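Input: a single structure, listed below in structure tokens.
Read the numbers this way: they start at 1 and go in the same order the structure lists the ligands and their atoms. What you are looking at is a predicted structure, and each value in this text was computed from that prediction instead of being measured.
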Amino acid sequence: MKPITILAFSGSLRQGSWNRLALEAMAALAPSHVSFAFADIGSLPHYDPALDGETPPESVVRLREAIAAADGLAFATPEYNYSISGVLKNAIDWASRPAYQSVLKGKPAAILSATPALTGGVRAQQHLKTILSATLTPVVQFPEVAIGLAPEKFREGALVDAKTREFLEGLLGALTASISHNSARN
Ligand SMILES: Cc1cc2nc3c(=O)[nH]c(=O)nc-3n(C[C@H](O)[C@H](O)[C@H](O)COP(=O)(O)O)c2cc1C
């Protein structure tokens, strides 16, 4: 099998973040030819067009290179006030330039959300889909993975809920299928 690399974005920087744990659970479910790396979005400055000239900040260059090198992306977003987190939006804004020709263009992406609330972060996911449509990033549409009541689904950092594991496996399968389809076309 051709190796596949996935760059994962946790929209939460919190130690013990449910979103980060969900991405780690997804990585642990991956078959041997699929490897995950985590994007470092916490060290990015606030987006400022004046910084985005010929020599952007080192952290931005690293992020753009990591996205360019990846075969696909996996975003996990918390829901902050019915939307995605500022830290994730900031990372996407940096990655999104130059507009319509950025490293995000055409890069297959899976999205998920996790929250202690019953609602699972579905509102944030809708916003994330809209944002990624602006960057021309094809998003896997099914299965939708919205992890509600997150604290009940993990124990000591590990995913223990069988149904959630099944959904994450399904999402990973859909992402790798989209990546294979994408690379067959290019
Ligand atoms: C500023 C802020 C706003 C929040 N707004 C929402 C919200 O709109 N919907 C929701 O389900 N949870 C909301 N929460 C709770 C988060 O879902 C919760 O903190 C969650 O654990 C964040 O994800 P993490 O565990 O990956 O850090 C909010 C939390 C913060 C700090």
For Pro116 and ligand 1, answer yes if some heavy atom of the residue is under 4.0 Å from a ligand atom, otherwise no.
-> yes
Does Ser12, backbone or side chain, put an N or O under 3.5 Å from an N or O of ligand 1?
-> yes
Student check: side-chain heavy atoms of Arg97 and Arg64 closer than 4.5 Å = yes
For atom 22 (C) of ligand 1, grab the closest protein heavy atom and report residue, atom and distance to one decimal in Å.
-> Pro78 CB, 3.7 Å
Quick one: look up the protein heavy atom nearest atom 21 (O) of ligand 1 and list residue, atom name and how far away it is.
-> Trp18 CD1, 3.4 Å
Step by step, work out the side chain to side chain contact (heavy atoms under 4.5 Å, CB included) result for Asn90 and Ile41.
-> CA-CA 8 Å; Asn90 186 54; Ile41 62 172; over 6 Å; no
N/O donor-acceptor pair under 3.5 Å between Lys153 side chain and Gly148 backbone | yes
Side-chain donor or acceptor of Glu169 paired with backbone N/O of Leu29 under 3.5 Å = no
Which protein non-hydrogen atom lies closest to atom 31 (C) of ligand 1, naming both residue and atom, and how far is it?
-> Tyr80 CE1, 3.9 Å
Considering all heavy atoms of both residues, which atom of Ala95 and which atom of Leu104 are nearest to each other, and what is their separation?
-> CB-CD1, 3.7 Å
Taking all atoms of both residues into account, what is the closest heavy-atom pair of Ser113 and Gln125, and its distance?
-> OG-NE2, 2.8 Å
Is there a protein heavy atom at a distance of less than 4.0 Å from atom 19 (O) of ligand 1?
-> no
Provide the closest heavy-atom pair for Pro143 versus Phe167 in the form atom of the first, atom of the second, distance.
-> CG-O, 3.9 Å
N or O pair under 3.5 Å between Thr119 and ligand 1 = no
Identify, for atom 25 (O) of ligand 1, the protein heavy atom at the shortest distance, and state residue, atom and that distance.
-> Arg14 NH2, 2.7 Å
Ignoring hydrogens and angles, tell me if any N or O in the side chain of Ser180 forms a donor-acceptor pair with the backbone of Thr176 under 3.5 Å.
-> yes
To the nearest 0.1 Å, how far is atom 26 (O) of ligand 1 from its closest protein heavy atom, and which atom is that?
-> Ser17 OG, 2.6 Å
For atom 8 (O) of ligand 1, find the nearest protein heavy atom and state the residue, atom name and distance (0.1 Å precision).
-> Tyr82 N, 2.9 Å
Under 4.0 Å from ligand 1, counting heavy atoms only, is it the side chain of Glu79, its backbone, both or neither?
-> both
What heavy-atom pair brings Leu44 and Asp40 nearest, and what distance separates the two atoms?
-> CG-O, 4.3 Å
Counting from 1 in the order shown, the ligand 1 atoms closer than 4.0 Å to a non-hydrogen atom of Ala117 are 11 (O)
So between Asn81, Thr115, Val122, Asn19, whose heavy atom ends up nearest atom 11 (O) of ligand 1?
-> Thr115
